Every structure is written in C-alpha cells, then in structure tokens.
Amino acid sequence: MLKLRNALQHRLTEAMAQVAPPPDGPVAFPLAPATRPEFGDFQANGAMGLAKVLGRPPRQIAQAVVDHLQVDDLCHPPQVAGPGFINFTVRPEVLAAEVQARLDQPRLGVPMAQPRQRVVVDFSSPNIAKEMHVGHLRSTIIGDCIARLLSFRGHRVLRLNHLGDWGTQFGMLIAHLKHVAPRSLSGEEHVDLGDLVAFYRQAKARFDEDEGFREQSRGEVVKLQAGEPESLRAWGLLCRQSRRAFQAVYDRLDVQLVERGESFYNRLLPTVVADLEQAGLLVVDDGARCVFLEGVRGKDGQPLPLIVQKRDGGYNYATTDLAAIRQRLAGPDGGGEGADRVAYVTDAGQANHFAAVFQVAQRAGWAPTGCQLQHVPFGLVQGTDGKKLKTRSGATVRLRDLLDEAVARARRDLVERMAQEQRQAEEGFVEQVAETVGIAAVKYADLSQNRTTNYQFSFDRMLSLQGDTAPYLLYAYVRIQGIARQGGLLGGGEEQPADLWLQAPQELSLARKLLNFDEVILEVEQDLLPNRLCAYLFGLSQTFNRFYDQLPVLKAPPRSRPTRLALCRLSGQTMGLGLGLLGIRTLDRM
C-alpha cells in the first residue's frame, strides 16, 4: 500500500495547503494506515493537532480539508469521523490494479532503498573450543534475518562473525594440546581432537588444579602474542577444528557468514590506544589506561571508566571491540569497511558494554555524521518452567542437539499423520520434509517473538499445525501449490485476466493484506524487529485460508476464477518471499 499511501499523502498535503495557506498555517497532515478495518484503509488525524494553531474546531478543519481533496480516482469519498478523523477507503478497482501490478514481480512492490547503505551486521559469534548453544541460536537466526532483509532492500551487507578466537584462554588450550598431541604441531600426524568442549574442560581442570600447568599456560600466551611459529600452529589447529563444527551448524541453518575473529583486530589494538590518546580521551587510573564515560556513573557518583589497556600493558574485550568499530567505520582508503550502519546482534546483557563502546567511538571522531551504531538486543531462551533452558543434568543445551530433536519430532509427527491419512511416501521425501519443518519450526518460534523479550521454548507448540507456527505457514503455502496440481494455472497463461475483478469481501480482504507487504518490510528495516514480518505472514496465512475455505477457486464462476487464481498466485509469491527473508525454506508438499 506504500504507493497508494504516498499518492494520497500528496493529495492531502495539497488540500491542507488550501485550508491553511503558507505561511499563514502549517501544511503537515500525516496519513497512517487505519487502526481498524471499519475505518477504511487509511486515516488522517492531523486536525486535532491543528485546532489550537488555527483556532477552529478539529471537525471543521477536517471537513474543510475533505472539501478541497481530489481523490475520486483513488478512493471512495473520504469520511470525517469522531472528533476530526478523516477515513479513506481505496476503490476496489484501484486495489485490483495494484495486485495485478505485483503479480510475478520479483520485488512484490518493495522499492529499492535510496540511498543504498554499506551495512555491517555482527552476529552469531561463538567461541573457539566451545560448543554453540541456544544463545548462539538467537544471535544467528535474528542476525541472518536482518541481513537478508537489508540485502533485499538493496543495501550492501557484510555479514560478520566475530569469533572468539584470541585471548588468554588459548595459552591453556595450547599447553594442553602440547601435552596430549605433541606430534600434531610438527605436522607429523593429523589429529582430530574430537569433542572440543571436552578438550576445553580437560584443559580448564588442569589449569585450576596444577600450578605448574598454569605457569606453562601463561608462557604460551606470551609466545602466541609474540607470533612464535609452534604456538601459532597449535592455535590454527584449534581454530580449524572449531570452524568445522560451526560450519556444520551454519550449513544446516542455511546461514552464510564472513569470519572476522578477534585475532583479525589484534594488530590494530596499539593504534586504538594511540588514537584515543591523540583525541585527549585517555586517562591513567590506577595504572590502567581508560576513557571515563560521560553520563555514566557508579554507585559512588563518579564517572565509570572503560578500560582500554590494563596496567600490565594487556588489552581486553573492550579494546578489541573499539578496534573493530574503528575498522568498520573507516573508509576503504584507511583499510576499513566504510560502513554507514553497524548492527550488533547480541544478548541484552551487553547493552551497557556497547553503549560505552559507541560513546567512545563517537567522541574519538571515528563515526561519520549520519552513521548508525545499533545494539540489537535479544532476551533469554527459557524452558516451559520459565527458567533458563538447560538439559536435565543442568548443562547448557547444545545447538546441534536442539536441531536434531526438532527434526526427529517433525519426522515422527509427519509419519503419524501420513499413517492416519493412509498416505505413503519415499523415505527421501519424509527426510526432506522433516528437516525442513523441524528447522523452520525452531527459526520461526524464535523470530516470531519480540527479540527484546525472553521466550519459552516448546517443541510441542512450535511444531503444531495450528496457531502462529512455521508448520501452519508452510501448510498454507502448500495449499497454494496444491491448486496448481489440481488444474489451476498459477503461472498465468490462458487464465491471466486482462483486469482483475475484486468483488467478494474475502477477495478484497486478501488483496489488502497482500498489498501491505511493502510497508511491513520498510518497518522491519528501521526497527530490526523480525517478529513484525512473522506477524504479517501469519495474518496473511489466516486471511488466505479464510478466502480459500469460503470461496470456490477452481470451481469459481468464469468471471471470478481468473481473479481468484491470481490472488492465490500472489499469495504464494508473497509467502515464499517473506519466508525466505526469515531464512525459512518452503515445501510444495507436506
């Protein structure tokens, strides 16, 4: 509806200029989607805000605007309602023309962004030698959806995986590796470390219990930071093994990332300190070099510091994040990404950290005018008991185990349903549907929640064919594909009408829902809330199902059949594109 709203807004502004000609009065009279269907398609509420300015009753102002409006080609006569609202209902033939214009169009009415931005989306970010868990699931799925949507809008998106691949913990891991597999470092033998989580726990246990091992670990940190070849080989081996495990999960989730781990920014850390010192921001406090934050105070009322370099000369996570943001904002001539917008998809607990990093970056002059720095927070994944999701033993749930369970349950549900319906299918079909539905259910259950809140994880709820779930949406998509198998030419051809003819209330309702797709995409682009797109697709599925259940399509009267097939076709195209932006694959049968 974006095109129609813009056209009406232009006419509304022209009419307002005649009611209160500049410079005597304001011309702003914003138009918004109607809050309820009975109010029409759009609503203008500006009369109330202008009553005092113009010294006239709001209904009188609204009526004066309506008297000057020229919108007969777009709408039924506008109606003044309540204290001064103006309601607009778009003519069916105009809706029909808009639907027809979107049919088979790749972008379905969504305009390309102007201007196009260079956007960095920082998401996923697991740690080397540690298992990906449900917290990484949220970051990975939300970040992937945001990156997909921004790319679709035409922005140049860099999907960065800020791996935890550097730091003091590697001294402990390298020392343990030299003990259990010394020949691997010389290249004499190929070593598969197996379960890296178990390897990490073994190293941590030795570190906690053995003073001699602790000293060796600290020495390995020094060697690694100094670039000692054997230590670098050990570090590389650990990183490669972890990457293989991570990539198996990313492939299953259909997620693509460019790795820029902490090690990538290690060489830039001294420059960060030098830049902050030159900007006059660095202060030595208790031997550490730090930046005191503006507007952020501790319990004692004193400004809180962001430590950039520890008293022993070492660096920390804040330094690495400062180096990362400096590199991402710097132009290509400075070896940077030249980003106009940087979005960090992490848990809500890191909000204060990123607020501090953003403030320092801005005060240091690294952020160009108009650049957006955004923390995109998300809440916890909880069990049905409302507590943090854990296994029965109390351990953190591994992401690969969660995905395996979702697929296994989807397969079991599918086999039971096929038995009840006396259907048979090849094993390959069952496996494909189970994998698609299981992964889709996990993704949608996460994305359909407002990311800023905690959400309760339930396999039974997310795999249900009823309600706001991925299987419900996929089933609606499958119903549309089934129309083609039953003889409906959803590809157009002979049944492509010269002009659509919208008459039944169900047809008009579905057309309006389809035409709202563009506005939803632009909203998500701004607020980065994927649940808005999920809510739209769920609403579209409900509207389509009512249309399909209440009106004949294949057996519709000759005058209505082509129009209804066209509505089915656009519904399928919109569902397919919308689910694709969520990172969810579709099925033709299930």
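Treat the numbers as computed from the prediction; the structure is a model and nothing was measured.
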- For the atom pair CG (Leu515) and CZ (Arg5), what is the distance rounded to the nearest 0.5 Å? 13.5 Å
- Message: Between Leu465 and Met590, is the side-chain contact (heavy atoms from CB on, under 4.5 Å) condition met? List the steps.
- Response: CA-CA 11 Å; Leu465 280 172; Met590 59 183 289; 4.1 Å; yes
- Do side-chain atoms of Arg11 reach the backbone of Gln70 as a donor and acceptor pair under 3.5 angstrom? yes
- Nearest-0.5 Å distance that lies between atom CZ in Phe517 and atom CG in Leu570: 10.0 Å
- Message: To check you understand the geometry: which heavy-atom pair defines the closest contact between Leu447 and Cys145, and what is its length?
- Response: CD2-CB, 4.1 Å
- Pair Glu294-Gln359, side-chain donor/acceptor within less than 3.5 Å: no
- Would you please test Phe544 and Leu567 for side-chain contact (heavy atoms from CB on, under 4.5 Å) and show each step? CA-CA 9 Å; Phe544 172 79; Leu567 286 171; over 6 Å; no
- Query: Does Arg532 use its side chain to pair, donor to acceptor, with the backbone of Ser448 at less than 3.5 Å?
  - Reply: no
- Message: Checking Gln374 against Arg341: is there a side-chain donor and acceptor pair closer than 3.5 Å?
- Response: yes
- Item | Donor-acceptor contact below 3.5 Å, side chain Lys443 vs main chain Leu253 | yes
- Query: Looking at side-chain heavy atoms only, is the closest gap between Leu2 and Leu4 below 4.5 Å?
  - Reply: no
- Output the distance between atom CG (Asp122) and atom OG (Ser139), rounded to the nearest 0.5 Å. 7.5 Å
- Query: Between Val66 and Pro78, what is the shortest heavy-atom contact and its length?
  - Reply: CG1-O, 4.1 Å
- Task: Please name the pair of heavy atoms, one in Tyr536 and one in Lys513, separated by the smallest distance, quoted to 0.1 Å.
- Result: OH-O, 2.7 Å
- Donor on one side chain, acceptor on other, Thr452 and Asn450, under 3.5 Å: yes
- Message: Ignoring hydrogens, what is the shortest heavy-atom contact between Leu587 and Val478? Give both atom names and the distance.
- Response: O-CG2, 3.3 Å
- Task: Establish, from distance only, whether the side-chain atoms of Gln43 and Asn87 form a donor-acceptor pair under 3.5 Å.
- Result: yes
- Message: Is it the case that atom CD in Glu38 sees more than 12 heavy atoms from other parts of the structure closer than 6.0 Å?
- Response: yes
- Task: Using atom types as modelled and distance alone, determine if a side-chain donor or acceptor of His155 lies under 3.5 Å from a backbone N or O of Gln117.
- Result: yes
- Message: Whether Glu525 and Arg153 form a salt bridge (side-chain N of Lys/Arg under 4.0 Å from carboxylate O of Asp/Glu) is what I want to check.
- Response: yes
- Side chains of Arg546 and Gln542: is there a donor and an acceptor less than 3.5 Å apart? no
- Query: Quick check: are there more than 12 heavy atoms from other residues, nucleotides or ligands sitting under 6.0 Å from CD of Glu93?
  - Reply: yes
- Going by atom types alone, do Gln372 and Asp340 pair a side-chain donor with an acceptor below 3.5 Å? no
- Task: Decide yes or no on salt bridge (charged side-chain N to carboxylate O under 4.0 Å, His left out) for Arg159 and Asp144, but give the supporting numbers first.
- Result: CA-CA 8 Å; Arg159 303 155 149 262; Asp144 178 59; 2.9 Å; yes
- Query: Which pair of heavy atoms, one from Leu95 and one from Met1, lies closest together, and at what distance?
  - Reply: CD2-CE, 3.8 Å
- Task: Could you check Glu14 against His68 for side chain to side chain donor-acceptor pair (under 3.5 Å), going step by step and ending with a plain yes or no?
- Result: CA-CA 8 Å; Glu14 288 182 333; His68 288 86; over 6 Å; no
- Who are the salt bridge (charged side-chain N to carboxylate O under 4.0 Å, His left out) partners of Glu98, not counting sequence neighbours? Lys3
- Message: Taking Leu528's backbone N and O only, do any of them form a donor-acceptor pair with Arg451's side chain (distance below 3.5 Å, no angle check)?
- Response: yes
- Item | Main-chain N/O of Thr346 paired with Gln350 side-chain donor or acceptor, under 3.5 Å | no
- Donor-acceptor side-chain pairing of His136 and Ser124 below 3.5 angstrom: no
- Message: Taking Ala476's backbone N and O only, do any of them form a donor-acceptor pair with Ser541's side chain (distance below 3.5 Å, no angle check)?
- Response: no
- Before accepting this row, confirm whether a basic side-chain N of the pair Asp518/Arg102 lies closer than 4.0 Å to the acidic partner's carboxylate O. yes
- N-O pairing of Asp73 and Arg91 below 4.0 Å: no
- Donor-acceptor contact present, side-chain Arg116 to main-chain Gly154, <3.5 Å: yes
- Message: Please check: side-chain N/O of Arg585 versus main-chain N/O of Gly580, any donor-acceptor pairing under 3.5 Å?
- Response: no
- Distance-only polar pair, side chains of Tyr444 and Asp468, donor-acceptor under 3.5 Å: yes
- Item | Result of checking Asp446, Leu582, Leu579 against Cys534 for side-chain contact (heavy atoms from CB on, under 4.5 Å) | Leu582
- Item | Donor-acceptor side-chain pairing of Asn545 and Tyr472 below 3.5 angstrom | yes
- Message: Quick check with a 6.0 Å cut-off and a 45 degree axis cone: is Arg363 positioned over the face of Phe358's six-membered ring?
- Response: no
- Message: Check this for me, if you would: do Asp347 and Arg138 make a salt bridge, where the nitrogen-to-carboxylate-oxygen distance has to be below 4.0 angstrom?
- Response: no
- Message: Can a donor-acceptor pair be found, under 3.5 Å and without considering hydrogens, that links the side chain of Asn45 to the backbone of Phe85?
- Response: no
- Query: Which heavy atom of Ala64 sits nearest a heavy atom of Arg56, and at what distance?
  - Reply: CB-NH2, 3.8 Å
